[in-house]
Structures are given as structure tokens and as C-alpha cells.
K.L.:
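Below you'll find the structure I mean.
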2 protein chains.
Amino acid sequence: MSLKTDGLRHDEEDSSPLRRTSRRNTTRRERVAPNIGHVAAAAGVSRATVSRVMNGSPTVAPELAARVRAAAEALNYQPSRLARSLALGRTSVVSLIVPDLSNPMFQDILRGLSQAAAAQGHRLLVAESNENIQEEKILALEARRHSDGLVLASPRVPEEELLTLSEQLAPVVLLNREVPGSNLPSLSVDYAAGIRAIVTHLLSLGHRHLVYLAGPVASASNQERVAALRAASVATPGFTLTEIPCGSMFEDGHAAARAVLATKATAVVAFNDMVAFGTLSGLHELGVAVPDDISITGFDDIPFARYTTPPLTTASIPKNELGKQAWDRLWALMNGESPGHNVHFQPRLLIRESTGPAPTRHA
Amino acid sequence: MSLKTDGLRHDEEDSSPLRRTSRRNTTRRERVAPNIGHVAAAAGVSRATVSRVMNGSPTVAPELAARVRAAAEALNYQPSRLARSLALGRTSVVSLIVPDLSNPMFQDILRGLSQAAAAQGHRLLVAESNENIQEEKILALEARRHSDGLVLASPRVPEEELLTLSEQLAPVVLLNREVPGSNLPSLSVDYAAGIRAIVTHLLSLGHRHLVYLAGPVASASNQERVAALRAASVATPGFTLTEIPCGSMFEDGHAAARAVLATKATAVVAFNDMVAFGTLSGLHELGVAVPDDISITGFDDIPFARYTTPPLTTASIPKNELGKQAWDRLWALMNGESPGHNVHFQPRLLIRESTGPAPTRHA
DNA sequence: TTGATCGAAGGAACCGGTTTCCAAAGTCTT
DNA sequence: AAGACTTTGGAAACCGGTTCCTTCGATCAA
């Protein structure tokens with residue numbers, strides 16, 4: 001067996017995978033991950049051959065391949081992901097950027113994406129933008145450079161900027177927003193349709209005065225909801241709509257409970273389930289009965305919506321499916337294929353027990 | 001200005017950052033990220049100098065540095081993370097492995113870790129092991145090779161195997177379990193103490209018959225809870241403990257509601273908050289009043305625990321803090337420092353409204 | 001004026017893989 | 001047995017950075 005010394009230019013006196021820990025600490029030697037050169041030397045072949053064997057190239061003789069595999073096994077050799085990525089120009093990692101990790105909505109998307117990506121040997125990098133527009137852009141660029149693709153749930157960044165960025169971010173899939181002038185693939189939810197379904201439901205129960213607990217003003221999906229609500233209020237005679245600035249979190253809804261009562265409305269349309277929960281809880285503390293005194297609806301159908309008391313009437317969106325479809329589209333893009341048409345998911349109205357007939361008022 | 005051609009061995013006729021898209025597609029050229037060679041050529045310096053400037057080395061003359069920066073700016077140059085990582089031997093990414101991403105407990109840890117890591121310029125890779133022991137090990141190794149360190153919430157892998165793996169996984173921080181014989185840093189929760197607090201609370205309310213809705217049997221933290229409960233039942237005269245195999249998820253608790261009633265116990269100690277919610281909801285559907293007919297406790301204090309009806313009595317554990325501390329320890333390890341002593345977080349009993357006096361039974 | 005010292009910047013090795021290109025060896029044909 | 005074709009596997013370029021080592025020129029002390 002002829003021992004080659006490729007890749008061992010450093011310590012030629014010693015072919016075992018040992019190396020100085022760092023340039024500073026020259027006293028102690030410790031075992032370090034063996035590299036392709038060590039395996040090649042051990043098997044008596046070139047590094048090229050080791051690479052071929054590790055990647056299952058059919059052009060290497062079976063008995064040689066076996067010898068290489070044995071050597072790799074003996075040394076417990078694992079190819080460096082980094083070096084491999086650099087050479088191949090691909091990392092097998094994709095990134096997800098969400099505004100708020102504490103929102104169960106994004107958690108479910110994260111999960112769906114993670115599982116779909118994992119099924120095809122890809123890992124998921126997660127970053128939270130904390131609703132900060134400036135940071136969101138930098139974060140997106142940064143994350144993109146760590147990975148092969150991006151799923152971007154970025155409701156706040158203005159369209160023009162997104163368009164400018166998109167070249168550097170590609171391949172990218174947008175969540176929950178579309179950029180009209182562009183051909184950026186996006187998966188979104190038809191919030192307007194969901195709101196219309198909710199309003200129709202409430203109207204049929206006799207409600208005529210609705211409060212909308214608004215989400216973040218810059219949020220695209222909030223704007224969509226507001227528009228749908230206003231359109232409905234204009235189209236329906238005798239329909240009163242009150243808007244209260246609120247937020248997207250639990251605490252926001254909780255804090256809004258008194259304001260809701262003050263409006264004398266008979267039903268609350270909350271920005272999302274989290275806000276609805278907060279309001280539910282706040283109203284409960286104030287001794288208000290739901291749905292007898294007031295009805296409440298949410299949006300998203302996060303897992304807990306079924307289990308509150310009373311269970312929450314809400315518009316369900318297929319969060320896992322969103323994650324999965326995001327992966328499918330990203331995967332297509334990464335392979336240079338067309339991502340297919342944008343999907344506009346239709347929310348499904350789930351009528352539970354937080355909505356009931358409008359109470360009859362003594363005027 | 002002398003134009004060097006370092007890094008441009010490929011297309012020497014053209015110094016602009018253009019390159020063939022791939023080896024197969026030779027017809028179309030498209031703009032590609034410029035590399036350090038392009039910047040060096042544009043600024044008329046060596047690649048080494050560009051590197052120094054990009055990393056803020058003080059040994060570069062100010063006017064030269066300015067020229068390099070201008071060139072980088074003009075080309076919109078961004079150093080390749082990959083190449084940088086390979087050269088530096090560090091990725092600025094850490095991995096988190098959790099058994100179940102749908103558990104809010106882990107979501108909060110994820111969030112805490114992500115934020116702490118981000119604050120020091122690191123990104124987070126997330127992987128879900130789906131409670132599969134074999135996959136958990138492979139996943140951990142895989143994830144580790146993508147990153148500089150690992151936070152491992154892996155309750156099921158046997159201790160010996162974990163010990164064997166630990167060398168390859170280091171630096172690693174364990175969550176929610178300790179491996180006695182090793183010096184693996186770990187952050188855990190004193191589940192026994194939490195259980196004792198819960199039991200004491202229930203006993204003081206007059207409860208004498210408790211059902212424990214057990215979590216996954218292989219789970220280390222479940223074993224700790226069981227042990228604490230049994231110890232309490234042995235130590236307290238007239239204390240009856242019934243154990244029901246259950247699980248860790250919502251649905252598990254929901255399904256167990258009937259079984260709970262059948263035991264005639266006056267209080268339920270659920271494995272965690274999710275299970276408690278499920279049970280709460282199941283009992284509600286069966287027309288059982290909580291806490292009047294039966295008391296329920298959870299564990300973890302996930303965000304929703306405050307907002308259920310009735311709000312859940314539970315043992316609170318500092319999930320964000322767990323994530324943050326995990327980062328601190330990992331960071332210490334990654335810098336070759338000592339991670340400090342293992343921390344055993346003490347749960348805090350939060351008495352809410354899901355527990356009340358034991359009902360007086362007519363025997 | 002000369003020798004020593006110091007700072008700045010370039011050359012080249014290196015991180016650890018992949019892949020092209022090519023030479024050598026082996027097989028088949030006539 | 002010679003020429004043509006097919007495997008097989010090695011050498012070396014390449015991915016895109018970082019950094020050690022060296023050189024060159026300027027400054028400073030003698």
C-alpha cells in the first residue's frame with residue numbers, strides 16, 4: 001500500500017488525524033475530525049477517489065470502493081458540510097423569517113416548513129425580525145447568505161423595497177403578502193373572504209354593531225381585513241362598524257376589553273385568535289358572558305382556539321399546508337423550475353361557541 | 001492603477017463579475033455575486049488587503065482602505081459566508097434540536113435561544129426529532145456539522161448513547177436532562193420540586209385522591225415526576241395516587257377525561273399544561289365543573305395557561321430564561337471557557353382558578 | 001550616512017471538499 | 001497481434017475566503 005500525503009502538508013511526520021487545537025495553543029494535541037486526505041491515505045487512493053466513493057459515483061471499482069468505505073468507517077470520517085457546500089455552491093439549508101416567533105400561527109408554519117424541508121434533506125434556519133422593518137431587510141439578506149433559499153413572512157417592508165431586495169434574496173417565497181408588479185411567488189390567505197364569512201355569520205345572528213380590534217397598522221393582512229370590513233359596513237344598511245387600534249398579541253386584546261364594552265357593540269371581530277383570547281379573558285374578568293352578552297370571533301384557528309371556554313369561532317387557515325406549500329415552491333425555484341401560480345388560501349369559517357345571537361337591548 | 005487578475009482565472013477576457021450560470025447552460029450569462037478577487041482587481045490591491053479591510057484590520061492605510069471600501073460598495077460585494085466559515089472554521093450558527101415543535105414549551109425555548117444568539121450575531125438552525133430516538137441521534141450529528149454548537153432537548157436517547165455521542169456533538173448543552181457520569185453542561189428543571197409544590201397545594205385544599213396523567217414513558221422528566229408523586233403518596237397517610245398513561249399532547253389529555261372521572265379522584269395532576277388543557281376541555285364537554293367537581297393542575301405555564309377558563313394552576317418554569325441560559329453556556333463552551341455549574345431551575349407554583357377545595361363526598 | 005526597526009501590503013499556503021481533464025490499463029475486434 | 005474503445009483513478013484547478021510569512025520602503029537611533 002502506497003501512502004500518499006495529500007492533504008497532510010501540515011504535519012507530515014504523522015498521518016493520523018491529529019492536529020494542533022489552534023495556532024496559539026501548541027502544547028496540546030487533540031483528535032480532530034479526519035479529512036478526505038486522511039481517508040485517501042489510509043485507503044491508499046487519491047482524494048478524488050474518496051470523493052467519488054462518498055458520493056456514490058458508479059465509476060469506481062467495487063473492491064476499491066469497499067476499501068475506501070472501510071477506511072472512512074475506521075476513521076469515523078464525515079465529509080465537512082462546509083467544504084462540500086463551498087464546492088457545490090449549495091448548503092442544503094433554507095431560511096424562514098418571521099416577524100414574531102411567539103405567534104402560534106408562525107410556529108405552525110415553521111413546523112410545516114421544517115418537516116417538508118427535512119423530508120428532502122434540508123435544514124431550516126429561523127430568524128425573528130421582531131417587527132422591525134430595518135432589521136427585517138438586513139436579516140433577510142443575512143439569512144439568505146447562509147442558505148439556498150428564503151421563505152419570508154415580512155408584512156411590514158414596503159413593496160418597492162421588497163422588489164429591490166428580491167433580486168438578492170432569490171429564490172424567495174413570500175408568505176401572507178403579494179407584490180403586484182413582481183413575479184415573486186407568494187402564498188397568501190384571502191383575509192377578505194375570511195372577514196366576509198365572519199361578518200355574514202354575525203349578521204345572520206342578528207348583530208348590527210361590530211367592533212374590529214385592529215392589528216398592526218402597517219401589516220398588509222390587517223389592511224386587507226379593514227378594507228373588507230368597511231366594504232361590508234357600507235354595503236349593509238344599518239350596520240355599524242367601530243374600529244379600535246389594538247395589536248396582534250394576547251396582551252393587546254386583554255387591554256382592549258374595556259374599550260370594547262364602551263362601544264356597546266354586540267360582537268367583536270378580533271384581528272387574530274391571540275387578540276380574541278385576550279379579549280375573551282379580559283371580558284371574563286369584567287363579568288361579561290360570552291356569547292350571551294357579546295360574541296367574539298378570531299382569525300387563524302390556532303390550536304388552542306378549540307379549547308378555550310367557550311371555544312372560539314374563527315376563520316381557519318391551513319398553517320401547516322402553508323409551510324408545506326412554501327417548501328414546494330421554494331424547492332421548485334431552487335431547481336430552476338417554475339414555482340406555479342400563487343395560491344390564495346380560502347379560510348374556512350369554524351363556528352364554535354364564542355358567537356351566538358345578538359342580545360336584545362332595551363333602548 | 002494596475003489591474004491584478006487574481007481570482008479571475010476563469011474568464012480572463014472579462015473582469016466584471018459575470019459568470020456562466022452552470023456548466024450545462026453555457027448560453028446565458030447572468031450577474032453573479034462578485035468575489036474578493038473582483039474587488040481586489042477593481043481597487044488595484046491584493047485579495048489579502050481586501051480581506052483585511054473587510055475585517056477592519058488596523059494595518060491598512062486609511063486611503064487604501066477607503067479605495068477598497070469604495071470598490072466593494074460599487075460592486076455590491078458581500079463576502080461569502082461559506083468561504084469565510086471554511087477558512088475560519090466557524091459558522092456563526094448554532095442548532096437546536098427539540099422533540100416536538102408543536103409544544104409551546106419548546107417554542108418559547110426556541111425563541112429565547114434565538115434572541116440570545118441573534119444578539120451576538122449568531123443564527124439558529126432548528127430541527128425536530130419527532131420523538132424518534134434513532135432519528136434523534138442522526139439529526140443531532142447532522143445538525144452539529146452545520147453549526148458551531150448544539151442545544152439538545154432530547155429526552156429519549158439513553159444515557160450511554162448520549163455519552164458516546166457527546167464527543168462528536170461538543171460543544172453541546174443539554175436541556176431538561178442530566179447525564180450523571182459526564183460533565184455535559186445541562187439546564188434542567190427541578191420537576192420533583194414542582195410536583196411536590198403541586199401536591200402540597202392540593203393536599204392543603206383537602207384532596208386525598210390524585211390522578212396523574214403520565215407523559216411519555218421514556219421521557220426523563222416524566223420519570224422524575226412519577227418518582228416525586230410516588231414518594232409523596234408513600235409519605236402521606238391516606239393519600240391515594242392513581243396513574244394513567246397519557247402522553248404529552250392536547251389530544252392525549254382530552255382523550256383521558258373519561259378515564260379520569262372513572263377514578264373518582266378529586267384532583268388531576270397533568271403531565272404538562274397541554275395535557276391539562278385537553279383534560280379541562282374534555283371534562284367541560286362531559287359537564288364536569290372545574291374546580292368545583294374536580295381540580296386540575298398543569299406544568300410549564302405556557303402562555304395560554306393564564307387565559308383558559310378557568311385559568312390553570314400550574315408550575316411555572318422560566319422557558320425564555322432556559323433558552324437564554326442555554327445560549328450563555330453554549331457561548332462559553334464555544335470560547336473554550338467553563339460553562340459554569342449546571343442549573344436546576346426551581347418551578348414556581350402559580351395558583352390560579354383550576355384548583356379549589358376538594359368536594360365533600362357523600363360516601 | 002548607515003544599520004536597525006517598524007508598518008504596510010503582497011504572495012502563497014491553507015480550510016476541505018468536488019470535478020474536469022487526461023493518462024494508463026484493460027477489453028474487444030479483426 | 002495491433003488498433004480502437006472503455007473503464008479507472010490520479011493530478012490539479014476550483015469554490016472564496018483568511019492569514020502566515022516575506023519583502024519593501026520609510027522612519028529612527030547611532
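Reminder, nothing fancy here: chain letters follow the sequence lines and each chain counts from 1.
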K.L.:
Where the side chain of S46(A) is concerned, which of dG10(D), dG16(C), dT18(D) is the nearest nucleotide?
P.N.:
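Within the option list, the nearest is dG10(D).
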K.L.:
Ignoring hydrogens and angles, tell me if any N or O in the side chain of D148(B) forms a donor-acceptor pair with the backbone of V94(B) under 3.5 Å.
P.N.:
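Looks like no, no N/O pair under 3.5 Å.
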K.L.:
Give one of base, sugar-phosphate or nothing for L88(B), where a contact means two heavy atoms less than 4.0 Å apart.
P.N.:
sugar-phosphate
K.L.:
Starting at atom CG of L75(B), determine the distance to atom P of dG16(D), rounded to an integer number of angstrom.
P.N.:
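Rounded to the whole Å, the gap is 14 Å.
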K.L.:
So if I take every side-chain heavy atom of A87(A) and compare against dG17(D), dA8(C), dG17(C), which nucleotide ends up nearest?
P.N.:
dG17(C)
K.L.:
Between P on dG16(D) and CZ on R90(A), what's the gap in Å once rounded to a whole number?
P.N.:
15 Å
K.L.:
Below 4.0 angstrom from OP1 or OP2 of dG10(D), is there any side-chain N or O of T49(A)?
P.N.:
yes
K.L.:
With the side chain of S51(B) defined as its heavy atoms from C-beta on, choose the nearest nucleotide among dG9(D), dT19(D), dG16(C).
P.N.:
dT19(D)
K.L.:
Would you indicate which nucleotide in dG17(C), dT18(D), dA12(C) comes nearest to any side-chain atom of R84(A)?
P.N.:
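Shortest atom-to-atom distance from the side chain points to dG17(C).
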K.L.:
Can you measure R67(A) atom CZ to dT8(D) atom P for me and round it to whole angstrom units?
P.N.:
15 Å
K.L.:
Can you tell which of dG9(D), dT19(D), dG10(D) lies closest to the side chain of L64(A)?
P.N.:
dG9(D)
K.L.:
To the side chain of L86(B), which of dT18(C), dG16(C), dG17(D) is closest?
P.N.:
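When the side chain of L86(B) is considered, dG16(C) is the closest of dT18(C), dG16(C), dG17(D).
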K.L.:
Would you indicate whether N183(A), at its atom CG, is surrounded by more than 12 heavy atoms from other residues, nucleotides or ligands within a distance under 6.0 Å?
P.N.:
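12 or below, so no.
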K.L.:
Closest nucleotide of DNA chain C for T59(B) versus for A83(B): which of these residues is on the 5' side?
P.N.:
T59(B)
K.L.:
Are any side-chain N or O atoms of N35(B) and backbone N or O atoms of G37(B), one a donor and one an acceptor, separated by less than 3.5 Å?
P.N.:
yes
K.L.:
For the backbone of A143(B) and the side chain of S95(B), can you confirm whether one donor and one acceptor N or O come within less than 3.5 Å of each other?
P.N.:
yes
K.L.:
Would you mind telling me which of dG9(D), dC15(D), dA9(C) lies closest to the side-chain atoms of V60(A)?
P.N.:
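Per side-chain heavy atoms of V60(A), the pick is dG9(D).
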K.L.:
Ignoring hydrogens and angles, are the base of dG10(C) and the side chain of R52(B) linked by a donor-acceptor pair under 3.5 Å?
P.N.:
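By the distance-only test, yes, there is a pair.
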K.L.:
Atom NE2 of H38(B) and atom C1' of dG16(D): how far apart are they, to the nearest Å?
P.N.:
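In whole Å, dG16(D) C1' lies 11 Å from H38(B) NE2.
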K.L.:
Between dG10(C), dG17(D), dG10(D), which nucleotide has the shortest distance from any of its atoms to the side chain of N35(B)?
P.N.:
dG17(D)
K.L.:
If you look at every strand shown and take non-hydrogen atoms under 4.0 Å, does A48(B) touch a base, only sugar-phosphate, or nothing?
P.N.:
base
K.L.:
Return yes when atom CD of Q120(A) has more than 12 non-hydrogen atoms of other residues, nucleotides or ligands closer than 6.0 Å, and no otherwise.
P.N.:
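More than 12 within 6.0 Å, yes.
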K.L.:
Side chain of I36(B) only, heavy atoms from C-beta on: which candidate in dA8(C), dA12(C), dT18(D) is closest?
P.N.:
dT18(D)
K.L.:
I'd like to know if R47(A) reaches the base of dG17(C) with its side chain, counting only an N/O donor and acceptor under 3.5 Å.
P.N.:
yes
K.L.:
Can you check the E63(A) CD to dT8(D) C1' distance for me, whole Å?
P.N.:
12 Å
